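Both ligands and their constituent atoms are indexed starting at 1 by order of listing. Each residue takes its place number in the sequence, starting with 1. Here the structure is a predicted model, which is why all the values come from computation and not from measurement.
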Amino acid sequence: MEIQLKTAEDIAKMRVAGRLAAEVLDMIGEHIKPGVTTNQLNQICHDFIVNQQGAIPAPLNYGTPPFPKSICTSVNHQICHGIPSEKVLKKGDALNIDITVIKDGYHGDTSKMFHVGKATVPAQRLADITQKCMYLGIQQVRPGATLGDIGHAIQVFAEKNHYSVVREFCGHGIGTVFHEPPQVVHYGKPGAGEVLQEGMIFTIEPMINQGKRHIKILPDQWTAVTKDHKLSAQWEHTVLVTADGFDILTLRAEEAGWQERI
Ligand code: MF3
Ligand code: CO
Ligand code: CO
């Protein structure tokens, strides 16, 4: 499968799907507190997506083996694809919630870090630097830039802060298909890789580890964790390549003015 350039009609539908995914993250924040289980967060998101948004939670039954829940909840040393469970969240836990909705056949995919109660200092620092990695990657996006430019910007900032970049998972093209070409890796060399063109839509979703980059997959065949059990963080946006730069299709109101803050 080749990289699809989206039509104006595709882009209009991707904007809707992206906005809905962002709204789920806005909605769930107030429910994250000590004592809540990740299953409860999954149920609240599922019901909101299905009943309020008239959309479909893309993770449910996705892949092999079928992902069993509607969202991903990755806590502390879990890197990504954490499966909601009866696990009770406690003060100081850091978690990524990753939302993908399908609306009118199109996918919107976005994730953010949350902290239960007050964030610990190391978890806050890792989350902040990982978010900045994502933003620095996004700022590289324009026609003529390359995927390597994105990966390089992310890798340099992560490693300058003595963190490591997960290699086994990457961003991805997205549209009517959840994961389509290109693969957007979060490391690389300037000028390397595919040249970006107006109309491409892909995610940028760096996973940054506090310790070493190495991962392990749990026996559930989905949950990725750090091999050294140190913390990991991730943020994700769905991004459109425009004529002169980028447009973030999953931007939340709370992010307004991000370019002046990073
Ligand atoms: N939302 C994830 C991503 O960013 C993929 C989750 S697949 C699932 O690509 F099956 F684990 F939900
Ligand atoms: Co994604
Ligand atoms: Co995602």
Would you say Tyr62 has any N or O atom under 3.5 Å from an N or O of ligand 1, going by distance alone? no

For ligand 1, which atoms sit closer than 4.0 Å to a heavy atom of His81? 5 (C), 6 (C), 11 (F)

Determine, considering heavy atoms only, which of Phe169, Phe67, Trp222, Phe178 sits nearest to atom 5 (C) of ligand 1. Phe178

The Co ion (ligand 3): angle it makes with OE1 (Glu236) and OD2 (Asp98), nearest 10 degrees: 90°

Option set Met207, Glu205, Gln234, criterion heavy-atom distance to atom 4 (O) of ligand 1, minimum: Glu205

Verify the distance test for Asp109 against the Co ion (ligand 3): any N/O/S atom under 2.8 Å, yes or no. yes

Within-shell test, Lys69 vs ligand 1, heavy atom, strictly < 4.0 Å: no

With a cut-off of 2.8 Å, does His172 place any N/O/S atom under that distance from the Co ion (ligand 2)? yes

What about Val75 and Phe67, same hydrophobic cluster or not, with Ile/Leu/Val/Met/Phe/Trp/Tyr joined at side-chain heavy-atom distances under 4.5 Å? no

Nearest to the Co ion (ligand 2) - the N/O/S atom of Glu205, by atom name: OE2

For ligand 1, indicate whether the residue Asp109 contacts it via side chain, backbone, both or neither (heavy-atom separation under 4.0 Å). side chain

Return yes when Gly63 approaches ligand 1 closer than 4.0 angstrom through a heavy atom, no otherwise. no

Thr100 heavy atoms, cut-off 4.0 Å: which ligand 1 atoms fall inside? 1 (N)

Aromatic contact between Tyr62 and His179, with the criterion being ring centroids under 6.0 Å apart: yes or no? yes

At their closest point, which heavy atom of Gly211 faces which heavy atom of Ser164, and how far apart are they? O-OG, 2.8 Å

Over 60° means perpendicular and under 30° means parallel, so classify the ring planes of Phe169 and His81, tilted if in between. perpendicular

Arg15 vs Tyr106, side chain to side chain donor-acceptor pair (under 3.5 Å): CA-CA, chis, key distance, verdict: CA-CA 9 Å; Arg15 285 188 191 286; Tyr106 288 79; over 6 Å; no

Sub-4.0 Å atoms of ligand 1 with respect to non-hydrogen atoms of His179: 3 (C), 5 (C), 9 (O)

Determine whether the side chain, the backbone, both or neither of Ala58 has a heavy atom under 4.0 Å from any heavy atom of ligand 1. neither

